[in-house]
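The analysis underlying the following values was restricted to heavy atoms, covering all of them including side chains, and did not include hydrogens, waters or symmetry mates. The chains referred to below are lettered A, B, ... by the order of the sequence lines, with proteins before strands, and numbering in each begins at 1.
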Protein chains: 2
Amino acid sequence: MSPNGSQARREEILRLATTTGLASVEELSRHFGVTASTIRRDLARLTADGRLARTYGGAMALNAHPEASLRQRTTEAYAQKRAIARWAAAQVQPGETVLLDAGSTVGALAHELRTARDLTVATTGLTALHELADVESVHVECLGGTLRPLSQAFVGPLTEAALERMTFDRVFLSADGVTADGGICEADLRQTRLKELMARRAARTYVLAHAAKLGRAPFHAWATLPQGWTLVTDSSATDADVAAFTERGIRVVLAEPVGEPAPLQEG
Amino acid sequence: MSPNGSQARREEILRLATTTGLASVEELSRHFGVTASTIRRDLARLTADGRLARTYGGAMALNAHPEASLRQRTTEAYAQKRAIARWAAAQVQPGETVLLDAGSTVGALAHELRTARDLTVATTGLTALHELADVESVHVECLGGTLRPLSQAFVGPLTEAALERMTFDRVFLSADGVTADGGICEADLRQTRLKELMARRAARTYVLAHAAKLGRAPFHAWATLPQGWTLVTDSSATDADVAAFTERGIRVVLAEPVGEPAPLQEG
DNA sequence: AGACTCTTGCGCATAACGCGCAGTCATGCG
DNA sequence: CGCATGACTGCGCGTTATGCGCAAGAGTCT
């Protein structure tokens, strides 16, 4: 808080509100050690500037793609997915061109890449597209195709045709389920075929799947996991799960869900 | 309110809140002819269900793609754009395949098409994509391409390549400016070329532009307006403006911003 | 008919709100 | 240096919205 105390506090309020999705006057008051009046004044000002929306006991973020929207946060395995996304984002080097699949975990990765610079991101998912739509420092290519409403993913001939026109340094795939035997499990054969095509166009392939997805086979369309691919999961994966993959020449990474423990509990 | 009065009222409250973006307890109370207590109870219940967010004097919608988000509503010329969108949506017949450009007015059209059935929508704009992403009754194709951050539009080789694989019953184009002499004015030559290609693939071409855009030339990339195209604008266009277009064989439609006069002022 | 549920309207205590006033601190000017 | 100015904060006030309990009405099932 070096330059301007109140200004910095307002920015921090905004950050907290967008991170948490919701922030109460009382929490903020305690967090900054100022009276509720001051917080209220800040909120009034931020609201007048159209930067957040006032609620009864506090304020909420109004934009839908903040650091972690309320909706996202309520998603299951949020911490794990975020840990995986952070590890994956750290792999991406400046100047690279990467391909992002659809899915919530890869969407979280897209969010992490918002701060990247000198990066080209191509994607087959609406989530990633939306996460990066307003980021000027990232060049975004959409592969297009038929939109699957449930998974928010693009599939089909248009997608495959677009894929033939590009190659990538890294591709990050999602999965509905992953087993060491079968590989990636999806609901739809078009999706599995697309994943195979995507991997074929990239120098390095990563599969992002939190531990609960390991060993699961909720559907019946499969794409095999070749040697050399990297499976990124979280640290709650069992040793047996991990061993099954490593024995087959799959590199397994366990992302640790550290980071910020709880964003807004006392200061 | 035939089946269940309170249930229906809550749904209506939700609709009003999402339409208006914001609804006050007092307004709602007057609108339904019930006490503020009842409204408060309704709001508490809807909030508990996570369907809207409570504010001090009322409630606000929390999702970003409702009938008309707060953001949209604050957009200039909202009523005009909506009137244009409604007229355009009424042209679309069941079973057709239509192409939607980027832009806020066309985005409003996409919103109107949410209730359509047996319809295929292809688009070069992220706005339309997002409007229709969760609608199961509409088949959505994204043409893909490079995402222009400012206009949320796809342009470039991928988009053009995808266009070559489809034709359309109707295409709805947007414009940064429209003049009778020059035609459609845009910031970028890639955009104007794309619009020409789009029109070439469609049986009928509509240009959606509210009256304030007529005669304006904010940039310097142009696409001519051939005879047979339809320019859809709002009723605030001057006779001179309209005449300039009709003299050149352009059909001009003036959409009347009627519908709901003011969604929530007394009932 | 009687009991039950759901809902509504009303009154009241409480909490959050906006506003005005005074005090503090940093900055700028004569 | 002295003083005025402006931004910010804390405090107390009256106002307003809120939540809860209670009683009454409408509809349903036994």
Side-chain angles (χ1 to χ4, degrees), chain A residues 1-62 70 263-267, chain B residues 1-63 70 73-74 262-267:
Chain A
M1 294 196 200
S2 33
N4 195 336
S6 63
Q7 178 87 18
R9 187 184 55 241
R10 278 188 288 273
E11 293 304 320
E12 176 73 359
I13 286 176
L14 202 62
R15 198 189 66 82
L16 288 173
T18 50
T19 311
T20 323
L22 187 68
S24 80
V25 171
E26 194 190 340
E27 279 174 330
L28 293 170
S29 163
R30 270 186 291 136
H31 180 81
F32 291 106
V34 294
T35 43
S37 299
T38 304
I39 298 296
R40 266 188 266 274
R41 266 187 283 255
D42 289 335
L43 297 184
R45 189 156 159 178
L46 289 168
T47 306
D49 293 351
R51 303 181 67 182
L52 50 76
R54 201 64 210 285
T55 65
Y56 186 71
M60 62 182 288
L62 33 62
L70 206 58
L264 189 65
Q265 324 254 49
E266 207 249 325
Chain B
M1 298 194 199
S2 32
N4 195 337
S6 63
Q7 177 87 17
R9 186 185 55 241
R10 278 188 287 274
E11 293 304 320
E12 177 73 359
I13 286 176
L14 202 63
R15 197 189 65 81
L16 287 172
T18 50
T19 311
T20 324
L22 187 68
S24 81
V25 171
E26 194 190 341
E27 280 174 329
L28 292 169
S29 162
R30 271 187 290 137
H31 180 82
F32 291 106
V34 295
T35 342
S37 299
T38 305
I39 298 295
R40 265 187 267 274
R41 267 186 284 253
D42 290 335
L43 296 185
R45 190 155 160 179
L46 289 168
T47 306
D49 293 350
R51 303 181 68 181
L52 50 75
R54 202 64 211 285
T55 65
Y56 189 71
M60 62 182 289
L62 35 62
N63 43 358
L70 202 60
R73 235 184 121 246
T74 58
L264 192 62
Q265 324 251 53
E266 207 250 325

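Between the P atom of C:dA15 and the CZ atom of B:R54 lies a distance of 17 Å, rounded to the nearest Å. Rounding to whole angstrom units, CZ of residue A:R45 and P of D:dT9 are separated by 9 Å. Separating the CG atom of B:D42 from the C1' atom of D:dA17 is a distance of 16 Å, rounded to the nearest angstrom. If you measure from atom CZ of A:R30 to atom C1' of D:dG10, you get 19 Å, rounded to the nearest angstrom. In this structure, A:L28 places its CG atom 14 Å from P of D:dT9, rounding to the nearest Å. With rounding to whole Å, B:R9 atom CZ is found 8 Å from C:dT8 atom C1'. Protein atom CD1 of A:I39 is 16 Å distant from nucleotide atom C1' of C:dG18, rounded to whole Å. For the pair B:E27 CD and D:dA17 P, the interatomic distance rounds to 12 Å; values are reported in whole Å.
In this structure, the side chains of B:L43 and B:R10 stay at 4.5 Å or more apart for every pair of heavy atoms. The shortest side-chain heavy-atom distance between B:V25 and B:Y56 does not fall under the 4.5 Å cut-off.
When heavy atoms are screened at a 4.0 angstrom cut-off, B:T55 is found touching the sugar-phosphate backbone but no base atom.
In this structure, B:R10 reaches the C:dT7 phosphate: one of its side-chain N or O atoms is under 4.0 Å from OP1 or OP2.
The two residues A:A17 and A:A23 make their nearest non-hydrogen contact at CA-CB, 4.3 Å.
For B:T38, the side chain to side chain contact (heavy atoms under 4.5 Å, CB included) partners at least two apart in sequence or on another chain are B:R9, B:V34, B:T35, B:R41, B:D42. Under the salt bridge (Lys or Arg N to Asp or Glu O under 4.0 Å) criterion, A:E12 pairs with A:R15, not counting sequence neighbours.
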Run B:T55 and A:R54 through side-chain contact (heavy atoms from CB on, under 4.5 Å) and show every step you take. CA-CA 6 Å; B:T55 65; A:R54 201 64 210 285; 5.9 Å; no
I would like to know whether A:E26 and A:H31 meet side-chain contact (heavy atoms from CB on, under 4.5 Å); could you show each step before the answer? CA-CA 8 Å; A:E26 194 190 340; A:H31 180 81; over 6 Å; no
Could I get a table of every N or O pair under 3.5 Å where one atom is in the protein and the other is in nucleotides 10-14 of chain C?
none

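In this structure, B:V34 and B:Y56 both approach DNA chain C, and ranking their closest nucleotides by distance from the 5' end singles out B:V34. The residue among B:G33 and A:G57 whose nearest nucleotide of DNA chain C is located toward the 5' end is B:G33.
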